[in-house]
Amino acid sequence: MIYNYNVELTYEKLKQRASELLGSIIKEEEIPFEIPLIDEFGDLSTTICFKLAKRYSKNPVELAKELESEIRKQLKDDDLIKDVRAVNGYINFYSNFEIFARSVIDDILNLKNNYGKQDIGKGKKVLIEHTNANPNKALHIGHARNTCLGDSLARILSFVNYDVQVLNYVDDTGSQMADLILGITKMKFQKEVSTKFDKYCGDVIYVSVNKEYEKNPELLKEKQRMIEEIDSQKGELARLSKEIANKVLEGQLQTCSRIGAYFDLINWESDIIKFDLLNETLEKLKSLNIIKKEEEGNYKGCIVVKSEYIKGHEQETDKILIRSDGTSTYLAKDIAYAFWKLGLTSKKFKYKVRWKEPKLLYETDVNGEYNDKFGSADIAISVIDARQSRLQDIIKSILYYIGGEDLQKRYIHYKYEVVALSNQAAKALGYNVKEKIVHMSSRKGLYFDADDILDKLKEKIMSVVVKNNPNEDKDWIDYTSDRLAISALRYALTKPDNNKIIVFDFDETLRLDGDSGVYIVYTYVRTRGIIRKGINILLRDFKGYTPVSEEIKLIKTLAKFPEVVRTSANLLQPQFIALYLRELCDLFNSYYEKYPVLNADEPARSFRLKLVTVISQVLENAMNLIGLTPLEKM
RNA sequence: GGGCCCAUAGCUUAGCGGAUCAAAGCGUCAGCCUUCGGAGCUGAAGAUCGUGGGUUCGAAUCCCACUGGGCCCGCCA
């Protein structure tokens, strides 16, 4: 039998039954339900009485009592709902727990990896743009936050059946490229090095060149000349710029792959110009009178967006799209790119395959071929840190003038706060400061590479893995340690609220115990250990078994997972998955210490082994959504 | 000057209009390996949820003001 994951899962059934019961008494379009946090208050509850009481100026407590007795009359013997009680104006529903538990366990055993999957996004195409690091350095811990968030969003939205395309927009034209080229052509830095090239560019060339500017300001004129030549997209320097950008990108993509983040398409910023997307965009803006060419003042000769059109920033300065020398700013290209994403341009890119494994990856390329599957999405999500809010607000304002609220809503600036360094972490890099937090700076070399952090963490983890697994071979030890390091990093960067700065401190941020990714994986490994040992036990039916309170809580938490996925997808909050994992792990670990599974008497043994099996499955599903690796052993 | 964000135990955070909801991790203290893996578990101590107003039957949660901290406002990206 092919099991359809759109079956009404247990909580849905419970809600539906409760709605039926209430619906026969009151006429109400939407009845709000919540899952009570305290077991005493049942398995489902509604605050509808507070709303009705206000409307009819009655006492909510009495109203609830009246409804309670009306509902009780309707309950049948084999009802999914066993009892109903009114407490303080709430109406609490109590499930027939045996039916409820059986239903939850069966749902998970049948659906397996699809448990929690939904059709929210069916038929809708969403573009998720993330990472977007300048191709002049290796990804640091701040970029990693972006990558983790973007990748988790992609995983979650795919899981609820959006047609997801993951993009990485790479700026191969900006002034940072001129710095590298200057370093290589004028300062004799190498193009071929034995270390990772992205890291070499960021750690050595970029930092050295910026120091050299201070000693020798004449070089800045040379830099300016180079920027203009690269921007023209003609000649040797433009070619060299692309070559270097490409090599750096390769290193960055390796880091992303290691973390488990894969893209569908690389959009080269220079191709916005090459494929002539910009002119058409500017024409459109001109026809709407949003932009204008300045004839006098500071911005004489520039084409600007007047600030009066930028919602929330009316008091600020106008924003330049085209400089007086005719070159375009980053924003101008980003507007054109936004147009392409939402299908507002007639111009198209050509594409070529960059690689096929582990996931087919395309990139824009003048010598490529057209491919209609990219662009023109229903929703475009750009994962970009909060410092760029103003530029993103400008794009949103422009979209508003073109297509009103409907169009504007389709463009989402997914913003998050930066990763900064703790005072200790800054000191570790040789910066003795008194501030509590220090912002990273590529120019000063004040940052931690994501790869370096992972390597250091892996090393720390490996000593424990070796100790606990003396008989495993080197490759296994290496793989396991690497996956644990990545799980620790991803959990640490995904879980915090997007609006909060993460103050990075190696030992604090990347814990191996307590509230950590390692703890989550460890808990999963525990479930696997039990399942492995119990593989030959013939499972009996658990009819008549009276579950302990921890088991009831676990079953309810498992039943909640589809709802957690839905909320996480609708609100674009991967955090909810991380929090859910933590909750489920805590419950399981407490349970694990207290109750034997394999050594329990029947029917407890069968019930518990099934319970552990479904806990393990749900942990795996949730872990996959935020990129933690479910390991068999560790 | 204009805009955005943050403020909850010593530290890091969760809770974001509801009922035993002030929660967890770290740290401190006291326990648990004859027990399915102790990267775990149990317990204790520790918070008038920055301050002051307001809205509400109900506010850590919403609104306003203030204080303290961070970010943005460039012919950079």
Apply the test salt bridge (Lys or Arg N to Asp or Glu O under 4.0 Å) to residues Asp515(A) and Lys495(A): give CA-CA distance (whole Å), side-chain angles for both, the deciding distance (0.1 Å), then the verdict. CA-CA 10 Å; Asp515(A) 185 15; Lys495(A) 204 191 148 209; 2.4 Å; yes

So Lys300(A), base contact, sugar-phosphate only, or nothing? Heavy-atom distance under 4.0 Å. base

Selection from U12(B), G2(B), C5(B) that lies nearest to any side-chain heavy atom of Lys436(A): U12(B)

Under 4.0 angstrom, heavy atoms only, what part of the nucleic acid is Val465(A) near: base, sugar-phosphate, or nothing? base

Are the side chain of Lys396(A) and the backbone N or O of Tyr411(A) linked by a donor-acceptor pair below 3.5 Å? yes

Side-chain donor-acceptor pair present, Lys333(A), Thr173(A), cut-off under 3.5 Å: yes

Hey, does Asp505(A) reach any base, or is it just sugar-phosphate, or nothing, if we go heavy atoms under 4.0 Å? nothing

Rounded distance (Å) that lies between atom C1' of C73(B) and atom NE2 of His313(A): 9 Å

Going by 5.5 Å between centroids and 30° between planes, is there a stack of Phe41(A) over A19(B)? yes

Between A77(B) and Arg323(A), is there an OP1 or OP2 to side-chain N/O distance shorter than 4.0 Å? yes

Please evaluate the base of G2(B) for a donor-acceptor partner in the side chain of Glu316(A) within a cut-off of under 3.5 Å? yes

Say we look at C57(B) and G40(B): how far apart would their P atoms be, to the nearest angstrom? 47 Å

Tell me which nucleotide among A14(B), G70(B), C41(B) gets nearest to the side chain of Asp497(A). A14(B)

Selection from A14(B), C5(B), A77(B) that lies nearest to any side-chain heavy atom of Gln176(A): A77(B)

In this structure, how many angstroms lie between the P atom of A77(B) and the CG atom of Leu321(A), rounded? 11 Å

Sidechain N-carboxylate O distance under 4.0 Å for Lys560(A), Asp43(A): no

With the side chain of Lys495(A) defined as its heavy atoms from C-beta on, choose the nearest nucleotide among U20(B), U13(B), G70(B). U13(B)

Taking atom types as modelled and ignoring hydrogens, do the side chains of Gln176(A) and Tyr206(A) form a donor-acceptor contact shorter than 3.5 angstrom? no

Is any side-chain nitrogen or oxygen of Lys500(A) closer than 4.0 Å to OP1 or OP2 of U12(B)? no

Which whole number of Å gives the distance between the P atom of G52(B) and that of A59(B)? 16 Å

To the nearest angstrom, how far is Arg511(A) atom CZ from U13(B) atom P? 13 Å

Within the 4.0 Å heavy-atom criterion, would you say Thr329(A) contacts the bases, only the backbone, or no part of the nucleic acid? sugar-phosphate

Output yes when at least one side-chain N/O atom of Ser590(A) is less than 4.0 Å from OP1 or OP2 of U42(B), else no. yes

Rounding to the closest angstrom, what is the interatomic distance between G70(B) and U8(B) at atom P? 16 Å

When you compare C21(B) with A47(B), how far apart are their C1' atoms, in angstrom units rounded to a whole number? 13 Å

Using the C1' atom as the reference point in each nucleotide, state the distance between A23(B) and G69(B) in Å, no decimals. 25 Å

Between Asn589(A) (CG) and A24(B) (P), how many Å, whole number? 15 Å

Of all the nucleotides listed (G70(B), A14(B), C75(B)), which has the minimum atom distance to the side chain of His439(A)? G70(B)

Separation of C5(B) atom P from Asp393(A) atom CG, nearest Å, is 10 Å

Would you call Arg566(A) and Glu563(A) a salt bridge, using N to O less than 4.0 angstrom? yes

Looking at A19(B), A77(B), C72(B), which one has an atom nearest to any side-chain atom of Asn134(A)? A77(B)

Let's test your reading of the model: under 3.5 Å, does the base of A19(B) pair with the side chain of Ser45(A) as donor and acceptor? yes

If the threshold is 4.0 Å, N to carboxylate O, is there a salt bridge linking Arg582(A) and Asp586(A)? yes

Spacing of Ile501(A) atom CD1 relative to C4(B) atom C1', expressed in whole Å: 12 Å

Taking the side chain of Ile320(A) as heavy atoms from C-beta outward, which of C75(B), C4(B), G15(B) is closest to it? C75(B)

Any Tyr524(A) side-chain nitrogen or oxygen under 4.0 Å from OP1 or OP2 of G40(B): no

Note: Glu632(A)-Arg532(A) ion pair, threshold 4.0 Å (strictly below): yes

C16(B) and A22(B): how far apart are their P atoms, nearest whole angstrom? 15 Å

Could you measure between the two C1' atoms, the one in C26(B) and the one in C64(B), and give it in whole Å? 37 Å

Applying a 3.5 Å limit to both distances, which nucleotide forms a Watson-Crick or G-U wobble pair with G1(B)? C73(B)

Round to the nearest Å and state the distance from Asp515(A) atom CG to A23(B) atom P. 17 Å

Take atom CZ of Arg582(A) and atom P of A14(B), then tell me their distance rounded to the nearest Å. 12 Å

Assigned chi class of C16(B) under the 90° convention is anti

Tell me what Asp385(A) touches on the nucleic acid: a base, only sugar-phosphate, or nothing, going by heavy atoms under 4.0 Å. nothing

Close N or O pairs between protein and nucleotides 31-38 of chain B (under 3.5 Å):
from: C36(B); atom 1: O3'; to: Lys533(A); atom 2: NZ; distance (Å): 3.3
from: C36(B); atom 1: O2; to: Val597(A); atom 2: N; distance (Å): 3.3
from: C36(B); atom 1: O2; to: Leu598(A); atom 2: N; distance (Å): 3.1
from: C36(B); atom 1: N3; to: Val597(A); atom 2: N; distance (Å): 3.1
from: C36(B); atom 1: N4; to: Tyr592(A); atom 2: O; distance (Å): 2.6
from: C36(B); atom 1: N4; to: Tyr595(A); atom 2: O; distance (Å): 2.5
from: G37(B); atom 1: OP2; to: Lys533(A); atom 2: NZ; distance (Å): 2.6
from: G37(B); atom 1: O2'; to: Tyr522(A); atom 2: OH; distance (Å): 2.7
from: G37(B); atom 1: O6; to: Met634(A); atom 2: N; distance (Å): 3.2
from: G37(B); atom 1: O6; to: Met634(A); atom 2: O; distance (Å): 3.0
from: G37(B); atom 1: N1; to: Met634(A); atom 2: O; distance (Å): 2.8
from: G37(B); atom 1: N2; to: Asn468(A); atom 2: ND2; distance (Å): 2.8
from: G38(B); atom 1: OP2; to: Arg526(A); atom 2: NH2; distance (Å): 2.5

Looking for any heavy atom pair under 4.0 Å, which part of the strands does Leu391(A) touch: base, sugar-phosphate only, or nothing? base

Any chance the side chains of Arg323(A) and Ser328(A) put a donor and an acceptor closer than 3.5 Å? no

Quick one: is Tyr299(A) getting a side-chain N or O under 4.0 Å of the C75(B) phosphate, OP1 or OP2? yes

Suppose you measure atom P in C4(B) against the same atom in U42(B); what distance do you get, rounded to whole Å? 44 Å

Of Thr173(A) and Asn88(A), the one whose nearest nucleotide on RNA chain B sits closer to the 5' end is Asn88(A)

Counting only heavy atoms not in Glu459(A) (residues, nucleotides, ligands), do more than 12 fall under 6.0 Å from its CD? no

Do Tyr519(A) and Asn589(A) have side-chain N/O donor and acceptor atoms under 3.5 Å apart? yes

Under 3.5 Å donor-acceptor pair, Ser324(A) side-chain atoms to C75(B) base atoms: yes

Out of A77(B), U8(B), C5(B), which has the shortest distance to the side chain of Gln388(A)? A77(B)

